[in-house]
Amino acid sequence: MPLSWVEIDLAALRHNLLQVRKRMSAHTQIIGVVKSDAYGHGMLPIARELVSGGVHFLAVSKFWEAQELLAAGIRHPILVLSGIEPCDMEEAIRQQVRPALFRLDHAELMSRTACRLDTEAKIHLKVDTGMGRLGVPYERAPAFLDKLLALPGIKLEGILSHFAAADESDKSYSELQLSRFREVLGELAGRGHAVQFIHIANSAGLLDLPHAHFQLIRPGIMLYGSPPSQELHFPARLKPVMSLKAKILQLKDVPAGQPIGYGRTFLPEKPSRIATIPVGYDDGYPRLLSNQGQVLVCGQRAAVVGRVSMNLITIDVTHVRQAKEDDEVVLLGEQMDDRISAEEIAQTCATISYEIYCSIGRHRFKYFLNGAADL
Ligand SMILES: *Cc1c(COP(=O)(O)O)cnc(C)c1O
């Protein structure tokens, strides 16, 4: 057993998938978003669980992630959200991996390659309706469609866009994006073209914009057990999937005034009991939690004192009389009746739960717990 580890609760994932299903419209299916190692949770076990839970598609960001899914024997439709580069085009077509497509030169290469392979390449056209990031700008989509639909060897299987602010309580910008998206859908229909899959909703869109569900929804963060933002009206009861735990490596009584850690940023005012925990910023525990974070020991909160080091932190357990060396410490997750959530850590660090999951998820030791589904 390592000194510190990440636990991934697959029963919680199943629970969250059920919460997604309860909220999506009839005839809508799910794209399970497993990019960035499933937000740090471990792409393959998460993808397998989602596939067995009946998701229709998997989405990754890069083609190499799709290759990892395929190499692991996961034969499920895969969408690559950042598109496919020319060097990977032939392989992607052979494997029937679908790109989110937003560049005409990529479409032309795809068309030529598909024709040479005597096959049809499936794509999902990405439209930028106001995110300002990837996608054909919506006002240029009609001209793009004219060129795209004339290319042989390409099947427009889907069309998608992405919300910029669906996690805000004010939905007016999302509605504007949605109306632009509908304009493009109208252009498509006007050309006598029916696509099988229309999709725009992320977790926030799923929860708050039921008229934006279309044929597919693309939840990510909700599957991992966090709300998309603090601001969102949030009806779902989710279960966090990831925990970060460690053991007390050393416990010591220190006199008042004894500096703790790099930079001597913490000096106890009274004699104190300090526990050293083998987790640091190398394990994704943010250095911004220096003198700010809290952890759970024996079901009680203990403060991170001094700086977070690369592989160690120090916590004040003066008030936790029963704490002893080798006791389990929870840095993210639940212990007895209390919980340190990714949202709580994110708030202290002025970031979002997504980033906390991604960084803690790089921890070397992960354990996948496949408990009975508690639904
Ligand atoms: C990451 C991502 C999602 C999932 O978003 P969540 O907020 O995690 O639900 C959906 N669509 C696209 C294009 C994404 O990049």
Side-chain angles (χ1 to χ4, degrees), residues 13 16-17 19-21 23-24 28-41 43 46-47 50 55-63 65-66 77-84 97-102 123-136 138 158-169 171 173-174 177-178 181 197-210 212-236 238 240-242 342-343 346 351-359 361:
L13 180 71
N16 298 335
L17 183 59
Q19 299 307 308
V20 168
R21 283 197 190 290
R23 280 158 188 86
M24 67 194 198
T28 297
Q29 290 175 310
I30 301 169
I31 302 183
V33 180
V34 295
K35 67 190 181 196
S36 297
D37 201 29
Y39 295 31
H41 291 66
M43 182 175 66
I46 296 288
L50 291 176
V55 304
H56 204 62
F57 263 87
L58 294 169
V60 293
S61 175
K62 315 273 163 45
F63 180 60
E65 297 173 303
I78 302 170
L79 178 67
V80 181
L81 296 168
S82 298
I84 288 168
V97 171
R98 284 81 155 165
L101 192 130
F102 41 83
I123 63 147
H124 289 217
L125 175 64
K126 175 100 188 242
V127 182
D128 180 4
T129 54
M131 177 75 169
R133 207 175 58 176
L134 279 184
V136 178
Y138 72 98
I159 181 163
L160 72 145
S161 190
H162 194 42
F163 285 125
D167 60 341
E168 291 172 9
S169 51
K171 290 292 184 282
Y173 195 70
S174 299
Q177 285 194 266
L178 203 50
F181 192 46
F197 299 115
I198 298 168
H199 46 113
I200 186 168
N202 49 6
S203 296
L206 158 68
L207 290 167
D208 265 18
L209 295 155
H213 288 185
F214 297 103
Q215 285 79 36
L216 288 170
I217 48 169
R218 303 190 305 266
I221 196 71
M222 191 178 161
L223 293 172
Y224 305 110
S226 281
S229 74
Q230 311 277 45
E231 201 178 318
L232 197 70
H233 164 64
F234 197 70
L238 301 175
V241 176
M242 181 188 290
E343 293 78 71
T351 182
I352 52 176
S353 59
Y354 299 67
E355 189 182 11
I356 301 301
Y357 287 135
C358 285
S359 42

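What you are looking at is a predicted structure, and each value in this text was computed from that prediction instead of being measured. One-based numbering, in listed order, for ligands and for the atoms of each.
Between Y138 and S161, the side chains place no donor N or O within less than 3.5 Å of an acceptor N or O (distance only, hydrogens not considered).
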I'd like to know whether L206 forms a side chain to side chain contact (heavy atoms under 4.5 Å, CB included) with H213, so could you lay out the CA-CA distance, the side-chain angles of the two residues, the decisive distance to 0.1 Å, and finally the verdict. CA-CA 7 Å; L206 158 68; H213 288 185; 3.7 Å; yes
Dump the intermediate steps for side chain to side chain contact (heavy atoms under 4.5 Å, CB included) on D37 and M43, then the final yes or no. CA-CA 4 Å; D37 201 29; M43 182 175 66; 3.6 Å; yes
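Checked against a 6.0 Å centroid threshold, the rings of H124 and F57 count as neighbours.
Of all heavy-atom pairs spanning L81 and K35, the tightest one is CD1-CD, 4.2 Å.
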Measure from every N or O atom of ligand 1 to the protein's N or O atoms and keep only the pairs below 3.5 Å, writing each with atom names and distance to 0.1 Å.
from	atom 1	to	atom 2	distance (Å)
ligand 1	7 (O)	Y354	OH	2.7
ligand 1	8 (O)	Y39	OH	2.5
ligand 1	8 (O)	I221	N	2.8
ligand 1	9 (O)	S203	N	2.9
ligand 1	9 (O)	S203	OG	2.5
ligand 1	9 (O)	G220	N	2.9
ligand 1	11 (N)	R218	NE	2.8
ligand 1	11 (N)	R218	NH2	3.4
ligand 1	15 (O)	K35	NZ	2.6

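Heavy-atom neighbours of Q215 CD from other residues, nucleotides or ligands within 6.0 Å: above the threshold of 12.
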